[in-house]
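First the proteins, then the strands, lettered A, B, ... as listed; each starts at 1.
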There are 2 protein chains.
Amino acid sequence: MGLAKTEMFTDTQNQIALFAKVFGHPARVAILQKLFEIDTCYCGDLVNEIGLAQPTISQHLKELKHLGLIKGNVEGTSVCYCINKENWFKMKEVMFQFLNQDIPKGDTCC
Amino acid sequence: MGLAKTEMFTDTQNQIALFAKVFGHPARVAILQKLFEIDTCYCGDLVNEIGLAQPTISQHLKELKHLGLIKGNVEGTSVCYCINKENWFKMKEVMFQFLNQDIPKGDTCC
DNA sequence: TTATATTATTGCAATATTACGATTAATAGT
DNA sequence: ACTATTAATCGTAATATTGCAATAATATAA
């Protein structure tokens with residue numbers, strides 16, 4: 001199949017999975033870290049920084065953009081990418097809710 | 001390829017990606033949420049709770065176990081699963097470091 | 001207008017993931 | 001020993017992901 005049965009899960013569960021999935025590749029992690037690190041953020045810079053081919057980087061950027069985590073601004077022939085701050089905070093809230101779940105006190109198991 | 005070029009990224013970047021990847025499927029999110037919710041946590045309970053077949057749940061559990069996020073305890077014919085608290089906290093530290101990156105102050109871009 | 005620079009898109013090949021039926025393994029109860 | 005219960009594993013089909021060469025699209029510069 002290779003296809004997740006999203007219909008049997010809650011919206012929140014699917015949303016967490018979607019955000020997590022996009023962080024599930026080191027190239028996208030590296031891209032985001034670079035975007036946090038620098039102000040000016042041309043696509044070509046990322047291609048140089050990370051060792052992957054331009055089409056590959058472009059594809060990863062597309063996925064990050066599709067989830068709303070980054071924005072792209074056309075500047076002449078190049079495109080300046082940056083973090084979409086508003087959506088990054090929204091994502092953080094969703095992920096924190098998940099990661100910060102309280103661990104059950106009882107030690108009945110394990 | 002379908003194969004991430006992990007060798008060109010830092011250990012931290014790869015680790016973040018590995019953790020995120022395991023959260024990148026709603027079934028595993030649901031499993032973890034259930035494990036946080038209840039104390040006793042037999043595998044069969046998860047099969048009933050989530051609508052997926054037993055081999056599918058078993059496979060997802062295996063991945064969570066492989067990353068050290070859960071523990072499995074054999075109890076007769078059933079297996080009791082639960083959160084590996086120590087590793088969950090370690091994972092949280094890594095993910096928080098990533099998610100809490102400071103957003104650049106300047107608005108030179110976008 | 002042609003050349004150059006930069007990014008996006010297309011089309012693949014290789015590999016990974018998801019899901020489940022069938023089976024196996026292990027244990028408990030009779 | 002036989003049976004039932006539970007979970008893991010195997011095998012396989014369907015789909016997704018990753019990566020890149022080739023190409024297209026867009027804008028700038030000469």
Side-chain angles (χ1 to χ4, degrees), chain A residues 1-9 13-14 17-18 20-31 34-35 40-67 70-82 109-110, chain B residues 1-9 13-14 17-18 20-31 34-35 40-67 70-82 109-110:
Chain A
M1 316 267 153
L3 175 62
K5 292 195 157 181
T6 54
E7 74 277 4
M8 54 201 344
F9 301 103
Q13 287 166 343
N14 282 316
L18 280 179
K21 203 171 182 180
V22 90
F23 298 142
H25 194 291
R28 290 189 291 263
V29 170
I31 288 172
K34 197 69 196 168
L35 290 183
T40 53
C41 38
Y42 295 102
C43 172
D45 296 343
L46 295 166
V47 175
N48 290 332
E49 184 78 18
I50 303 164
L52 296 170
Q54 179 267 320
T56 308
I57 296 292
S58 200
Q59 198 175 272
H60 284 307
L61 285 169
K62 193 178 172 182
E63 287 173 66
L64 289 167
K65 200 174 172 187
H66 183 252
L67 263 196
I70 63 173
K71 285 189 285 189
N73 222 30
V74 180
E75 282 186 15
T77 64
S78 30
V79 177
C80 173
Y81 280 101
C82 61
C109 179
C110 302
Chain B
M1 316 269 151
L3 177 61
K5 293 194 157 183
T6 54
E7 74 278 4
M8 55 201 345
F9 302 101
Q13 286 164 344
N14 282 316
L18 280 179
K21 202 173 183 178
V22 90
F23 298 141
H25 193 291
R28 289 189 291 263
V29 170
I31 288 172
K34 196 68 196 172
L35 289 182
T40 53
C41 38
Y42 295 102
C43 172
D45 296 343
L46 295 165
V47 174
N48 291 331
E49 184 77 18
I50 303 163
L52 295 170
Q54 179 267 319
T56 309
I57 296 293
S58 201
Q59 199 174 271
H60 285 307
L61 285 168
K62 191 179 173 183
E63 287 174 68
L64 289 167
K65 200 174 171 186
H66 185 251
L67 263 197
I70 64 173
K71 285 190 284 190
N73 221 31
V74 180
E75 282 186 15
T77 63
S78 28
V79 176
C80 174
Y81 279 101
C82 60
C109 177
C110 304

key: Atom pair CD1/CG of Ile57(A) and Asp45(A) - distance to nearest 0.5 Å   = 11.5 Å

key: Between dA16(C) (P) and Glu63(B) (CD): distance, integer Å   = 13 Å

Protein-nucleotides 23-25 of chain D N/O pairs closer than 3.5 Å?
none

key: Of Ile57(B) and Ala27(A), the one whose closest DNA chain D nucleotide lies more 5'   = Ile57(B)

message = Within the 4.0 Å heavy-atom criterion, would you say Leu61(A) contacts the bases, only the backbone, or no part of the nucleic acid?
response = nothing

remark   = Whole-Å distance, Asn73(B) CG to dA26(C) P, equals 17 Å

task = Could you say whether Leu52(B) or Gly44(A) is positioned toward the 5' end of DNA chain C, judged by the nucleotide with the nearest heavy atom to each?
result = Gly44(A)

query = Just to confirm, is there a sub-4.0 Å distance from OP1 or OP2 of dC20(D) to any side-chain nitrogen or oxygen of Lys5(B)?
reply = yes

ask   = Nearest nucleotide by nearest heavy atom, which residue falls closer to the 5' end of DNA chain C, Lys65(A) or Thr56(B)?
value = Lys65(A)

Check the interface with nucleotides 12-15 of chain D: list each N/O to N/O pair with the protein under 3.5 Å, or write none.
| unit_1 | atom_1 | unit_2 | atom_2 | d |
| --- | --- | --- | --- | --- |
| dA13(D) | N1 | Met1(A) | N | 3.4 |
| dA13(D) | N3 | Met1(A) | N | 3.2 |
| dA14(D) | N3 | Met1(A) | N | 2.4 |
| dA14(D) | N3 | Met1(A) | O | 2.9 |
| dA14(D) | N3 | Gly2(A) | N | 3.2 |
| dT15(D) | O4' | Met1(A) | O | 2.3 |

task = Working to the nearest 0.5 Å, report the span between CD of Gln13(A) and NE2 of His25(B).
result = 11.5 Å

note = Interatomic distance, CG@Leu52(B) vs CE@Met8(A), rounded to 0.5 Å, equals 5.0 Å

query = So, is His60(B) close to the dT17(C) phosphate, meaning a side-chain N or O under 4.0 Å from OP1 or OP2?
reply = no

Spacing of Thr56(B) atom OG1 and Lys5(A) atom NZ [to the nearest 0.5 Å] = 7.5 Å

query = Rounded to whole angstroms, how far apart are CG on Leu46(A) and P on dT6(C)?
reply = 14 Å

request  = Check Cys43(B) against Leu61(B) and note the closest heavy-atom contact, atom names and distance.
outcome  = SG-CD1, 3.8 Å

message = Could you tell me how far apart Lys62(A) (NZ) and dT6(C) (C1') are, to the nearest whole angstrom?
response = 17 Å

ask   = Base, sugar-phosphate alone, or nothing: which one does Ser78(A) contact when heavy atoms must sit under 4.0 Å apart?
value = sugar-phosphate

message = Counting only side-chain nitrogens and oxygens, does Ser58(A) get under 4.0 Å of the OP1 or OP2 atom of dA8(C)?
response = yes

key: Straight-line distance of Ile70(B) CD1 to Lys62(B) NZ, nearest 0.5 Å   = 12.5 Å

task = Would you mind reading off the distance between His25(A) atom NE2 and dC20(D) atom C1', rounded to a whole angstrom?
result = 13 Å

ask   = Just how far, in rounded Å, is P of dT6(C) from CD of Gln59(A)?
value = 21 Å

task = Over all heavy atoms of both residues, which pair between Ile50(B) and Ala27(B) is shortest? Give the atoms and the distance, please.
result = CD1-O, 4.0 Å

inquiry  = Please report the distance, rounded to the nearest Å, between CG in Leu18(A) and P in dA16(D).
reply    = 13 Å

Protein-nucleotides 26-30 of chain D N/O pairs closer than 3.5 Å?
none

inquiry  = So, does Lys21(A) get its side chain near the phosphate of dT17(D), meaning an N or O under 4.0 Å from OP1 or OP2?
reply    = yes

key: Ile31(B) vs Leu35(B) side-chain heavy atoms within contact, under 4.5 Å   = yes

